[in-house]
Amino acid sequence: MSRITPLSPPYAAETEAALARWMGPAREREPLALFRVLEHHPELASRMRVVGSGLLVHGTLPAVERETVVQRVCARAGCSYEWGVHAEVFGEQVGLTPRQLRATVHDDAGAWSERQAILVRVVDELHDGADLADATWAELRARFADAEIVEILVLAGWYRTIAYVANALRLPEEEWAAPYPDA
C-alpha cells in the first residue's frame, strides 16, 4: 500500500486533464499510481511532466539506449515499480530483448551491444559514486556526441529521482506491469 494514497476518480477537471497529459497515448489505461500521487502537488507535477516527457519523446538517444539507461537505473535503485512499467510499455517496442531486460537486473555482459555496455557501466558508476572514472568518460566521449552525453547524465539522474519517489512511497507495482526478474 502506498504511503500517500493516489488520487482516485472522480477527478477534478484540472486533475483529469493533467493525468491525461501524463499518460499521453496510453490514456486507455488507468493513470499510473505514481502520477496520481504526484498530482497531490499539481504545480510540481506539471514541471516534472515536462522533464519526463521531454526525455521520453524529444531525446537524441536511440530509444533502445534510452531504455537501457532507464531500466538499469531502476534496477540498481531497486525500483521494481518503474522497472516493470518501462519493461512493459517500452521494452519490446524499442527492441530490448527479454535477455537484455533481465540483464538490467542480473548482470549478463554478453547481452549488450558495445554502446549499451558503456551505458550500463555509466549507470553503475553514477549509482555507486555519483561520478564517472576517467576511463569510462573517455569511452563515453569516443562513442557519444556531447548532446547525448548530457542527455545520458540527466536521464540517469531523472530516473534515480523517480526511483526515490516510487520506493519511498512504497508504490505497489501496476497490475499490468512486467514482473521484476527473480534471482
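Since we're looking at a predicted model, the values are computed, not measured. These numbers come from the heavy atoms of this one structure, side chains and all, not from hydrogens, waters or symmetry mates.
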So which heavy atom on [X] is nearest to which on [Y], and how close?
X: Leu96; Y: Gln100; answer: CA-OE1, 3.4 Å
X: Ala77; Y: Asn167; answer: O-ND2, 2.9 Å
X: Ser2; Y: Leu171; answer: OG-CD2, 3.4 Å
X: Arg102; Y: Pro181; answer: NH1-CB, 3.6 Å
X: Met23; Y: Pro31; answer: SD-CA, 3.6 Å
X: Ala166; Y: Tyr81; answer: CB-CD2, 4.0 Å

Rounded distance [0.5 Å steps], [atom1] in [X] versus [atom2] in [Y]:
X: Thr136; Y: Ile118; atom1: OG1; atom2: CD1; answer: 9.0 Å
X: Arg141; Y: Asp134; atom1: CZ; atom2: CG; answer: 12.5 Å
X: Asp146; Y: Phe144; atom1: CG; atom2: CZ; answer: 12.5 Å
X: Leu61; Y: Glu148; atom1: CG; atom2: CD; answer: 5.5 Å

Exercise. Mind jotting down which residue pairs meet the salt bridge (charged side-chain N to carboxylate O under 4.0 Å, His left out) criterion with at least one end in residues 80-99? Sequence neighbours excluded, please.
Key: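 Passing the test, one end in residues 80-99: Arg99-Asp108.
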Quiz item: Backbone N or O of Ala133 within a donor-acceptor pair of the Glu125 side chain at under 3.5 Å?
Solution: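 Looks like yes, one N/O pair under 3.5 Å.
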Self-check item: Candidate list Arg121, Arg115, Glu114, test side-chain contact (heavy atoms from CB on, under 4.5 Å), partner Glu139, passing option
Solution: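 Option passing the side-chain contact (heavy atoms from CB on, under 4.5 Å) with Glu139: Arg121.
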Quiz item: Stepwise, does the side-chain contact (heavy atoms from CB on, under 4.5 Å) test hold for Val50 with Ser46?
Solution: CA-CA 7 Å; Val50 171; Ser46 70; over 6 Å; no
Side chain to side chain donor-acceptor pair (under 3.5 Å) partners of [range], not counting sequence neighbours, each pair once:
range: residues 30-41; result: Trp22-Glu39
range: residues 68-77; result: Thr68-Gln116, Arg72-Asp107, Arg72-Asp124, Arg76-Asp124, Arg76-Asp128
range: residues 155-166; result: His86-Tyr159, His127-Arg160, Arg160-Tyr164

Quiz item: Which residues pass the salt bridge (charged side-chain N to carboxylate O under 4.0 Å, His left out) test with Glu173, sequence neighbours left out?
Solution: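 Testing Glu173 for salt bridge (charged side-chain N to carboxylate O under 4.0 Å, His left out), a comparison that skips the adjacent residues, returns none.
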Quiz item: Would you say the side chain of Val89 lies within less than 4.5 Å of the side chain of Trp176, judging by non-hydrogen atoms?
Solution: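 Touching, per the 4.5 Å side-chain cut-off.
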Quiz item: Is the shortest heavy-atom distance from the side chain of Leu38 to the side chain of Leu44 under 4.5 Å?
Solution: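 Side chain of Leu38 against side chain of Leu44, heavy atoms only: no contact under 4.5 Å found.
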Quiz item: Please walk me through it: do Leu55 and Arg66 pass side-chain contact (heavy atoms from CB on, under 4.5 Å)?
Solution: CA-CA 9 Å; Leu55 288 167; Arg66 178 198 72 222; 5.7 Å; no
Quiz prompt | Common cluster, Val57/Leu155, ILVMFWY with side-chain heavy-atom separation under 4.5 Å | solution =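 The answer is yes; both residues are in one hydrophobic cluster.
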Practice problem: Return the set of residues passing side-chain contact (heavy atoms from CB on, under 4.5 Å) with Arg170 (not counting sequence neighbours), or none when no residue passes. | Solution: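 Only Arg3 meet the side-chain contact (heavy atoms from CB on, under 4.5 Å) criterion with Arg170.
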Exercise. Decide yes or no on side-chain contact (heavy atoms from CB on, under 4.5 Å) for Thr104 and Trp112, but give the supporting numbers first.
Key: CA-CA 10 Å; Thr104 63; Trp112 305 117; 3.6 Å; yes
Quiz item: For Leu7 and Leu19, what are the C-alpha separation, side-chain angles and deciding distance, and is it a side-chain contact (heavy atoms from CB on, under 4.5 Å)?
Solution: CA-CA 10 Å; Leu7 298 175; Leu19 290 170; 5.7 Å; no
